[in-house]
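See structure below.
Keep in mind that this is a model prediction, so the values were computed, not measured. Chain identifiers are assigned alphabetically (A, B, ...) following the order of the sequence lines, protein sequences preceding nucleic acid strands; residue numbering begins at 1 within each chain.
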There are 2 protein chains.
Amino acid sequence: MSNTREKIIELADQLIRTKGFNAFSYADISAPLDIKNAAVHYHFPNKADLGIAVIEQEIARLNDGIHQWKKLSPDARLKKMIAIFQQRYKQRTICLVGSLTPDYDTFSPAMQQKVQEMCKGILDWMADCLEEGREAGNFSFEGDAYDRALMVMSNLMSSLLYSRVLGGNIFGRMSKQLSKDLI
Amino acid sequence: MSNTREKIIELADQLIRTKGFNAFSYADISAPLDIKNAAVHYHFPNKADLGIAVIEQEIARLNDGIHQWKKLSPDARLKKMIAIFQQRYKQRTICLVGSLTPDYDTFSPAMQQKVQEMCKGILDWMADCLEEGREAGNFSFEGDAYDRALMVMSNLMSSLLYSRVLGGNIFGRMSKQLSKDLI
DNA sequence: GTCTATACCTTGATAGAC
DNA sequence: GTCTATCAAGGTATAGAC
């Protein structure tokens with residue numbers, strides 16, 4: 001029954017995006033949900049378990065997207081991905097990759113593996129999208145599709161980081177330019 | 001006399017790049033230097049003071065670079081910047097922007113301002129370099145030079161993050177491709 | 001400038017009742 | 001599944017001697 005578990009994951013997701021994994025505490029979770037920290041520990045014995053659950057939810061969402069967007073053209077799929085980041089931009093939050101990869105060395109092996117899995121999944125998806133788009137004549141770019149995927153995801157991730165720090169419509173400018181570059 | 005202050009800054013710089021600002025402690029500083037944590041507090045009353053000193057050192061280094069490279073061609077200057085990131089890649093450390101911007105919201109106003117100053121300085125420098133290079137015929141790219149600077153710095157920053165998580169020569173591939181894209 | 005000593009708080013985590 | 005109660009450990013920071 002308990003959707004407390006899901007509420008905890010959702011809140012932890014938000015906290016990771018705003019404060020970072022190492023800066024949020026069980027109290028940051030339990031207080032807003034009006035429960036005690038022991039209740040959080042019931043669902044997630046330790047913090048790494050919670051972190052892993054958050055990443056797994058993100059991976060599941062990515063897989064959902066991959067499935068739902070399967071019939072779309074490569075450039076429509078790219079637009080969908082950019083739209084996800086635009087949502088984050090409006091909320092002034094960052095992406096999980098941008099939040100978790102800098103702290104990678106402080107994570108447990110199990111959590112490191114999940115971070116790796118998430119990064120690989122997103123990059124593989126983007127590389128496929130770009131390669132297919134290039135073959136279909138939707139995109140035009142030089143070099144390996146995977147390298148290009150690294151650059152596109154890197155720009156999307158950083159646009160959120162820079163936006164929070166520098167203000168202005170950095171996200172809009174970067175996402176527009178990276179789209180243009182692919183035509 | 002005491003160069004303890006500088007040793008503390010250097011060590012803190014290293015720790016920020018590996019564990020992140022919120023994950024390292026005064027003990028991480030005092031133990032390797034064989035001093036007590038009170039001695040660290042003597043030099044830096046609170047943690048934000050230390051963080052600010054680290055960022056100021058980075059800004060000073062950037063300004064040194066700007067000064068020393070003034071006579072170099074734009075593409076030689078770009079190569080110098082890439083070389084700095086290559087060094088970080090070899091050390092498996094990340095850049096300060098990549099480490100500090102995700103945790104931005106957890107910082108004191110004074111430290112946030114320094115992070116902002118650092119980001120602006122690097123981006124302005126890169127934008128000038130690119131614009132000058134384009135005018136001189138060294139570089140060729142579409143759009144605003146500042147937007148391009150955002151994308152170049154974003155790629156350099158992310159190449160270090162991805163390299164640590166995914167292994168392989170991601171830095172080499174990304175830096176090579178971004179250089180090619182500017183020709 | 002560095003030490004000893006310590007205050008005070010927050011943290012992640014556990015035991016056992018309900 | 002959630003609570004009360006509690007814990008040990010580690011965190012930042014300060015006071016005062018040397």
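Tested against D144(B), the residues K180(A), K176(A), R173(A) include a single salt bridge (charged side-chain N to carboxylate O under 4.0 Å, His left out) partner, R173(A).
In this structure, Y42(B) atom OH and dT4(C) atom P are separated by 17 Å, rounded to whole Å. Summarising the geometry, the separation between CZ on R5(B) and C1' on dT2(C) is reported as 16 Å, rounded to the nearest angstrom. To the nearest angstrom, C1' of dT11(C) lies 9 Å from NZ of K47(A).
Residues from residues 12-41 of chain B that place a heavy atom under 4.0 Å from any atom of DNA chain D, listed by number: F24(B), S25(B), Y26(B), N37(B), A38(B), H41(B).
Side-chain contact of D64(A) with Q68(A): a donor-acceptor pair under 3.5 Å is absent, judged by distance alone. At a cut-off of 3.5 Å, with distance as the only test, no side-chain donor of Q14(B) or R17(B) sits close to an acceptor on the other residue.
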Listed pairs under 3.5 Å, donor-acceptor, residues 115-130 of chain B side chains, sequence neighbours left out:
residue: Q116(B); atom: NE2; partner: V165(A); partner atom: O; Å: 3.0
residue: Q116(B); atom: NE2; partner: Y104(B); partner atom: OH; Å: 3.3
residue: E117(B); atom: OE1; partner: K114(B); partner atom: NZ; Å: 3.3

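We find that K80(A) and D75(A) are not joined by a salt bridge, their nearest charged nitrogen and carboxylate oxygen being 4.0 Å or further apart.
Between F21(A) and F107(A), the gap from one ring centroid to the other is short of 6.0 Å.
Not one side-chain nitrogen or oxygen of T4(B) sits closer than 4.0 Å to the OP1 or OP2 atom of dG1(C).
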